Chemist: 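Okay, here's the structure, questions in a sec.
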Amino acid sequence: MNARTLLCLTLLASAGVAPTSGRAASDLRSVAIVMSAGVQAPAYGALRPYAGRRWPNWALPAGSLTPHGALLVTALGASYRASYTRAGFLNAGDCREANGISVVTSDRPSTAATAAAFLAGLAPDCDVAYTRAPAGADPIFHPVPDIAKADPAAAAGSLRAALGSDPNGLTPGDAASLARLEALLDCAAYDCTRVSTLGGSIVTDSSTGLASLRGPVAVGGAAVDALRAEYAGALPAQNVGWGHLDLDLLRDLSQMSVLRARLEDRNPYAARVTASNLAAHVLASLTGRSGRLSAFVGLETNVAQLAGLLDATWSLPGDPRNDTPPGGALVFERYAADRRAGRKSDEVRIFFVAQPFGAMRRATPGSPVPVTRVPVAIAGCPDTGCPVETFEQLVKRAIDPAFVTPV
């Protein structure tokens with residue numbers, strides 16, 4: 001995709017989530033949205049040894065959706081509503097159509113709050129409730145070990161293979177981003193531990209069998225996630241990276257967050273065991289008859305895991321490849337067959353939808369927030385649209401039935 005086309009998509013999306021070009025909007029049959037939680041208050045406890053200065057005080061429990069995050073997610077819901085209403089897919093003035101909207105969320109407080117804020121924008125004044133997984137029993141978003149336990153050896157081996165030749169999985173570009181993060185954390189001037197001096201290792205969780213990283217990528221990714229929340233959450237400038245974090249630096253540092261997700265969440269074994277059930281539910285929502293619009297609200301890790309399972313890639317303008325900002329979503333749209341154009345089968349088209357970080361920070365109550373929508377590439381699917389039978393075969397080949405519950 002050239003820069004001019006990408007710019008046009010971004011400008012179109014500023015008034016809403018732009019409908020697919022090249023197909024009649026009335027051909028849209030069903031939509032499935034896999035969305036990450038909005039801006040959450042960071043958990044700074046484990047990060048304190050690696051920063052020379054105090055992290056800011058949010059006056060909110062760690063992991064909770066912030067008020068500004070709720071504002072942004074409601075604006076996202078309104079954007080989907082506006083675009084799908086213009087497309088003739090939804091009728092914003094008819095609450096009876098709310099019966100065709102299904103929102104499922106994980107058992108986390110932040111995702112439940114995100115689901116409520118999303119519905120406040122998507123179906124305002126309509127009595128639409130989200131379904132929240134019971135605490136400790138979340139097979140869609142956390143199937144391991146709720147459905148089955150992962151194989152620790154396979155999990156560690158897949159993560160080790162993803163690291164490549166560097167023991168920490170760092171490319172020269174990643175190492176440069178890590179160096180800039182360390183400069184911001186400023187251990188050279190204060191008594192703290194430099195992230196780059198940590199030894200990298202792989203550990204497996206005895207209760208789940210899943211493998212995770214310890215060391216520079218894990219700590220660096222967590223620190224960057226906190227900084228991203230400070231920026232997108234509209235904290236005062238002096239509290240965003242101690243007054244030294246602007247948008248350009250944030251985009252550069254975000255590579256550490258993307259790297260952690262690529263290694264831990266998108267490696268083949270982790271993606272297969274953690275996202276198979278979510279993928280099965282997305283497929284059922286597109287091919288079944290239960291509703292027109294289904295949304296699955298989880299964490300950024302859930303989006304990364306599903307992307308890893310499907311080998312999905314996207315590029316948001318200015319951000320690292322496959323970045324998932326707060327509220328970012330994989331959007332699956334099913335279009336009716338267009339026999340006049342020689343398409344005998346329904347098509348599935350996939351997009352990534354997110355609000356740009358700069359727009360998130362500048363957002364104010366009652367004002368629309370620009371939205372960027374970019375195409376998602378999946379191996380085995382043509383860029384022009386994936387026949388629904390092909391998409392179904394790809395998903396069924398990718399998932400592990402041992403980690404899938406009946407849909």
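Since we're looking at a predicted model, the values are computed, not measured. Index from 1, following the sequence.
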Chemist: Verify side chain to side chain contact (heavy atoms under 4.5 Å, CB included) between D174 and Q255, making sure each step is shown before the conclusion.
Modeler: CA-CA 7 Å; D174 298 326; Q255 181 57 37; 3.2 Å; yes
Chemist: Which atom pair, heavy atoms only, marks the closest approach of D346 to R29?
Modeler: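 Closest approach of D346 to R29: OD2-NH1, 2.7 Å.
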Chemist: Using every non-hydrogen atom in the two residues, find where A270 and E264 come nearest and quote the distance to one decimal.
Modeler: CB-O, 3.3 Å
Chemist: Charged N to carboxylate O under 4.0 angstrom, R132 versus D107?
Modeler: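 No, no charged N to carboxylate O under 4.0 Å.
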Chemist: Checking side chain to side chain donor-acceptor pair (under 3.5 Å) against N277, which of D146, D138, D400, T405 comes through?
Modeler: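 Between N277 and the candidates, side chain to side chain donor-acceptor pair (under 3.5 Å) is satisfied uniquely by T405.
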Chemist: To the nearest 0.5 Å, what is the distance between CD1 on I140 and CG on L278?
Modeler: 7.5 Å
Chemist: When rounded to the nearest 0.5 angstrom, what is the spacing between CG in L310 and CD1 in I378?
Modeler: 4.5 Å
Chemist: How long is the straight-line distance from OG of S254 back to CG of L227, given to the nearest 0.5 Å?
Modeler: 9.0 Å
Chemist: Do NZ/NE/NH1/NH2 and the carboxylate oxygens of R180 and E182 come within less than 4.0 Å?
Modeler: no
Chemist: Is the shortest side-chain heavy-atom distance between F351 and L330 below 4.5 Å?
Modeler: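 Result no, sub-4.5 Å side-chain heavy-atom pair not found.
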Chemist: Counting distance only, does the side-chain N/O of T197 pair as donor-acceptor with the main-chain N or O of R194 below 3.5 Å?
Modeler: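 It does hold such a pair.
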Chemist: Would T301 and D265 count as having a side-chain donor-acceptor pair, cut-off 3.5 Å?
Modeler: no
Chemist: Does the side chain of R228 come within less than 4.5 Å of S257's, by heavy atoms?
Modeler: yes
Chemist: What's the spacing between Y269 OH and S158 OG if we round to 0.5 Å?
Modeler: 9.0 Å
Chemist: Go through L170 and L178 one step at a time and tell me if the side chain to side chain contact (heavy atoms under 4.5 Å, CB included) criterion holds.
Modeler: CA-CA 9 Å; L170 294 168; L178 180 61; 4.1 Å; yes
Chemist: Report the C-alpha separation of S110 and Q40 in whole Å, then their side-chain angles, then the decisive distance to 0.1 Å, and conclude whether the side chain to side chain donor-acceptor pair (under 3.5 Å) test is met.
Modeler: CA-CA 7 Å; S110 62; Q40 304 170 66; 3.0 Å; yes
Chemist: Between A32 and S285, which heavy-atom pair has the shortest distance, and what is it?
Modeler: CB-OG, 3.3 Å
Chemist: Can you name the closest pair of heavy atoms from N239 and E230 and give their distance?
Modeler: O-OE1, 3.2 Å
Chemist: Would you check if T171 and D166 make a side-chain contact, meaning some heavy-atom pair closer than 4.5 Å?
Modeler: no
Chemist: Yes or no on salt bridge (charged side-chain N to carboxylate O under 4.0 Å, His left out) for E300 and R108, after CA distance, side-chain angles and deciding distance?
Modeler: CA-CA 12 Å; E300 292 176 22; R108 306 294 178 89; over 6 Å; no
Chemist: Within a strict 4.5 Å, meaning less than it, do heavy atoms of the W55 and W242 side chains meet?
Modeler: yes
Chemist: Kindly assign one of parallel, tilted or perpendicular to the pair F391 and F332, based on the angle between their ring planes and the thresholds 30° and 60°.
Modeler: tilted
Chemist: If you define the side chain from C-beta out and look only at heavy atoms, does anything of R272 sit under 4.5 Å from I399?
Modeler: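 The answer is no, as the side chains (C-beta and beyond) never meet within the 4.5 Å cut-off.
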Chemist: Which is it for C386 and L394 under the side chain to side chain contact (heavy atoms under 4.5 Å, CB included) test, yes or no, and what are the steps along the way?
Modeler: CA-CA 10 Å; C386 197; L394 288 172; 4.3 Å; yes
Chemist: Should V258 and R321 count as side-chain neighbours, where that means a heavy-atom distance under 4.5 Å?
Modeler: no
Chemist: Donor-acceptor pair, S79 side chain versus A75 backbone, under 3.5 Å?
Modeler: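 It does not hold such a pair.
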Chemist: So, the side chain of H244 versus the backbone of L185: is there a donor-acceptor pair under 3.5 Å, distance only?
Modeler: no
Chemist: Tell me whether the guanidinium CZ or amine NZ of R292 lies under 6.0 angstrom from the six-membered ring centre of F89 and within 45° of its axis.
Modeler: yes
Chemist: Kindly state each residue pair satisfying ring-ring contact (aromatic ring centres under 6.0 Å, His included) with at least one member in residues 122-163, sequence neighbours excluded.
Modeler: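 Output for this query is empty, none listed.
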Chemist: Using a distance-only test with no angle check, is there a side-chain donor-acceptor pair under 3.5 angstrom linking N322 and T313?
Modeler: no
Chemist: Could you measure the distance from the CH2 atom of W314 to the CG atom of D319? Nearest 0.5 Å is fine.
Modeler: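 Rounded to the nearest 0.5 Å, the CH2-CG separation comes out at 11.5 Å.
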Chemist: State, yes or no, whether a side-chain contact exists between S36 and N302 at a heavy-atom distance under 4.5 Å.
Modeler: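 No, every pair of side-chain atoms sits at 4.5 Å or beyond.
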Chemist: Show the numbers, then the answer: is there a side chain to side chain donor-acceptor pair (under 3.5 Å) between T111 and T105?
Modeler: CA-CA 6 Å; T111 58; T105 178; 2.9 Å; yes
Chemist: When you check the gap from the basic side-chain N to the acidic O, do E389 and R334 get nearer than 4.0 Å?
Modeler: no
Chemist: At their closest point, which heavy atom of P325 faces which heavy atom of D323, and how far apart are they?
Modeler: CD-O, 3.6 Å
Chemist: Can a side-chain donor-acceptor contact be found between S83 and R86 if the only test is distance below 3.5 angstrom?
Modeler: yes
Chemist: Hey, does the side chain of Q355 reach the backbone of G327 with a donor-acceptor pair shorter than 3.5 angstrom?
Modeler: no
Chemist: Taking side chain as C-beta onward, heavy atoms only, is F352 less than 4.5 Å from V303?
Modeler: yes
Chemist: Go through R214 and S212 one step at a time and tell me if the side chain to side chain donor-acceptor pair (under 3.5 Å) criterion holds.
Modeler: CA-CA 7 Å; R214 295 292 183 270; S212 59; 3.1 Å; yes
Chemist: Kindly determine whether L119 and I101 satisfy side chain to side chain contact (heavy atoms under 4.5 Å, CB included), including the steps that lead there.
Modeler: CA-CA 9 Å; L119 282 169; I101 297 174; 4.3 Å; yes
Chemist: Taking atom CG of D94 as the centre, report whether more than 12 heavy atoms of other residues, nucleotides or ligands fall under 6.0 Å from it.
Modeler: yes
Chemist: Distance check, rounded to the nearest 0.5 Å: H68 atom NE2 versus L72 atom CG?
Modeler: 4.0 Å
Chemist: With sequence neighbours left out, which residue pairs that include part of residues 102-124 fulfil the ring-ring contact (aromatic ring centres under 6.0 Å, His included) condition?
Modeler: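 Checked against ring-ring contact (aromatic ring centres under 6.0 Å, His included) - neighbours excluded - the pairs reaching residues 102-124 are Y80-F118.
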Chemist: Where is the tightest heavy-atom contact between N168 and L163, given as atom of each residue plus distance?
Modeler: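 Closest heavy-atom pair between N168 and L163: C-CD2, 3.8 Å.
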